[in-house]
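One structure is given below, encoded as structure tokens.
Counting starts at 1 for both ligands and their atoms, in listed order.
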Amino acid sequence: MPSEPAQSEFSLIDALHAHMRVVRSDVCVPTGDDAAIIEPPAGHRIAVSTDTLVAGVHFPTDTPAHAIGYKALAVNISDMSAMGAESAWVSLSLAMPSNEAEFINGFAQGFAELAGEHGIQLIGGDTTYASTLTITVNIMGLIPDGVAPLTRAGAQLGDDIYVSGQLGGAGHELDNLMAFAPEQRMALNYPSSNTELGISLRSLARSCIDVSDGLLGDIGHILKASSSACDQPLGAHIQLDQLPLHTHIQEYANPDRAWAFALYAGDEYQLCFTAPESKRDALDALAQQYTITRIGTVVERDATAITLSDGVEAVDVARLTRHIQPYAHF
Ligand code: ADP
Ligand code: MG
């Protein structure tokens with residue numbers, strides 16, 4: 001089927017906005033002018049973050065337009081959630097090799113669907129030609145005054161380590177692209193964004209990060225930031241037998257392979273956080289509402305920052321990395 005004809009930049013922007021439904025009362029000048037103007041509600045601070053997705057790097061090139069739109073926003077909301085912020089406004093930079101109406105409509109629907117669910121308003125952006133489809137989203141969210149920021153730097157010795165959702169699903173799909181039709185890659189295409197969980201964690205967690213580069217790497221970021229903040233070398237001990245494995249990787253015959261995917265696969269967009277033991281009851285109660293699993297402990301740093309055990313004995317990292325190449329951007 002031939003795709004619909006290309007559009008001018010302006011009708012394309014109109015088409016994009018036609019799908020957006022959220023109108024926030026704090027947006028004084030919406031998209032369409034040289035800049036948008038927002039008036040943040042009193043008593044709040046603003047969290048700001050940017051994430052770029054490049055075709056062939058952050059999603060397979062045959063990913064459906066709807067999924068690209070959804071994912072571009074979801075990974076940005078996930079950053080807000082990891083800070084305990086409630087997403088409010090986004091701007092969108094689209095650099096595209098072609099501007100077919102079919103792509104724009106699918107993209108806008110996926111983007112608008114998630115924006116609508118979260119009450120997020122698109123307040124502007126930029127649209128340009130590029131040889132590779134590249135999407136940059138700038139997101140802003142709100143944190144009430146008086147709420148301590150949920151950062152990577154708050155972990156303390158003895159904290160429990162938790163992760164939300166299930167791990168390894170996106171990694172499994174990426175490793176088996178041929179086995180999943182592009183629209184069937186649900187974990188990869190439609191990551192969770194965990195807004196409500198992030199807000200609940202404001203009063204419970206000491207540190208938090210969203211898992212984008214692989215669980216171990218991201219726990220490493222928490223340890224690094226927290227060690228300098230408390231001036232004490234922190235490490236982590238992870239119980240592999242506690243990891244919440246995605247249904248697909250539970251089927252692996254070799255548990256090492258499943259654990260390797262859960263530990264190293266990027267693109268998971270679950271929240272990893274630490275909390276003191278005194279919050280266990282509250283977190284157990286929260287686990288009635290959200291999938292959250294206690295997977296380890298913050299310990300004094302050993303020769304290796306992160307030690308692993310399978311519930312019985314220590315597990316060597318080299319035993320696991322045979323199964324998957326840890327994710328690296330460059
Ligand atoms: P300028 O030349 O001032 O940069 P543009 O022609 O790039 O303006 O954009 C016109 C209006 O359309 C601006 O308000 C801008 O925010 C909005 N816009 C452009 N591209 C996008 C996009 N991809 N998503 C949302 N809004 C967009
Ligand atoms: Mg512009």
Side-chain angles (χ1 to χ4, degrees), residues 3-41 46-81 85-142 189-191 193 195 212 269:
S3 53
E4 291 169 60
Q7 307 184 46
S8 78
E9 179 191 337
F10 296 106
S11 60
L12 189 143
I13 296 167
D14 287 347
L16 193 57
H17 281 284
H19 291 276
M20 306 293 161
R21 297 188 304 274
V22 177
V23 180
R24 294 178 58 101
S25 58
D26 48 22
V27 177
C28 319
V29 178
T31 187
D33 219 306
D34 289 319
I37 301 180
I38 50 185
E39 185 175 358
I46 298 181
V48 185
S49 176
T50 304
D51 251 346
T52 295
L53 273 69
V54 180
V57 178
H58 299 95
F59 54 88
T61 49
D62 59 0
T63 303
H66 183 279
I68 298 173
Y70 187 101
K71 183 171 184 173
L73 183 56
V75 304
N76 277 276
I77 300 176
S78 175
D79 281 324
M80 290 290 106
S81 304
E86 189 181 346
S87 304
W89 315 283
V90 271
S91 67
L92 168 66
S93 160
L94 267 179
M96 302 181 292
S98 78
N99 56 1
E100 274 136 26
E102 194 183 328
F103 173 79
I104 287 297
N105 284 323
F107 178 93
Q109 271 166 24
F111 193 97
E113 185 180 307
L114 190 60
E117 271 170 36
H118 288 79
I120 299 169
Q121 184 169 346
L122 179 66
I123 56 166
D126 203 18
T127 307
T128 178
Y129 167 83
S131 52
T132 304
L133 174 62
T134 304
I135 302 135
T136 301
V137 173
N138 183 243
I139 191 161
M140 284 170 281
L142 295 164
N189 289 349
Y190 296 102
S193 33
T195 297
S212 53
Y269 302 103

| task | May I ask you to list the atoms of ligand 1 that are less than 4.0 angstrom from any heavy atom of D33? | result | 13 (C), 14 (O)
| query | Y70 versus P64: any side-chain heavy-atom pair under 4.5 Å? | reply | no
| said: Just checking E117: does its CD atom have more than 12 heavy atoms from other residues, nucleotides or ligands closer to it than 6.0 angstrom? | reply: yes
| ligand 1 to L16 polar contact by distance, N or O atoms, under 3.5 Å | no
| Atoms in ligand 1 with a heavy atom of L122 nearer than 4.0 Å | 25 (C)
| remark: Going by the 4.0 angstrom heavy-atom rule, the piece of I13 near ligand 1 is side chain
| said: Which residue in the set F59, F111, F107, Y190 passes ring-ring contact (aromatic ring centres under 6.0 Å, His included) when paired with H66? | reply: Y190
| field | Straight-line distance of D126 CG to S93 OG, nearest 0.5 Å | value | 5.5 Å
| field | Short N or O distance, S93 and ligand 1, threshold 3.5 Å exclusive | value | no
| task | Go through the steps to decide whether I46 and W89 satisfy the test side-chain contact (heavy atoms from CB on, under 4.5 Å), and finish with yes or no. | result | CA-CA 10 Å; I46 298 181; W89 315 283; 4.2 Å; yes
| request: Report, in ascending order of atom number, the atoms of ligand 1 lying under 4.0 Å from any heavy atom of T127. | output: 19 (C), 20 (N), 21 (C), 22 (C), 23 (N)
| request: Just jot down the ligand 1 atoms closer than 4.0 angstrom to any heavy atom of D34, in number order. | output: 3 (O)
| query | Quick one: does T61's side chain have a donor or acceptor within less than 3.5 Å of a partner on A55's backbone? | reply | no
| Quick check: does G32 get an N/O under 3.5 Å from an N/O on ligand 1? | yes
| task | Give yes if a backbone or side-chain nitrogen or oxygen of G125 is under 3.5 Å from a nitrogen or oxygen of ligand 1, and no if not. | result | yes
| request: Using the side-chain contact (heavy atoms from CB on, under 4.5 Å) rule, pick out the option among D51, L92, V90, L122 that qualifies with L73. | output: V90
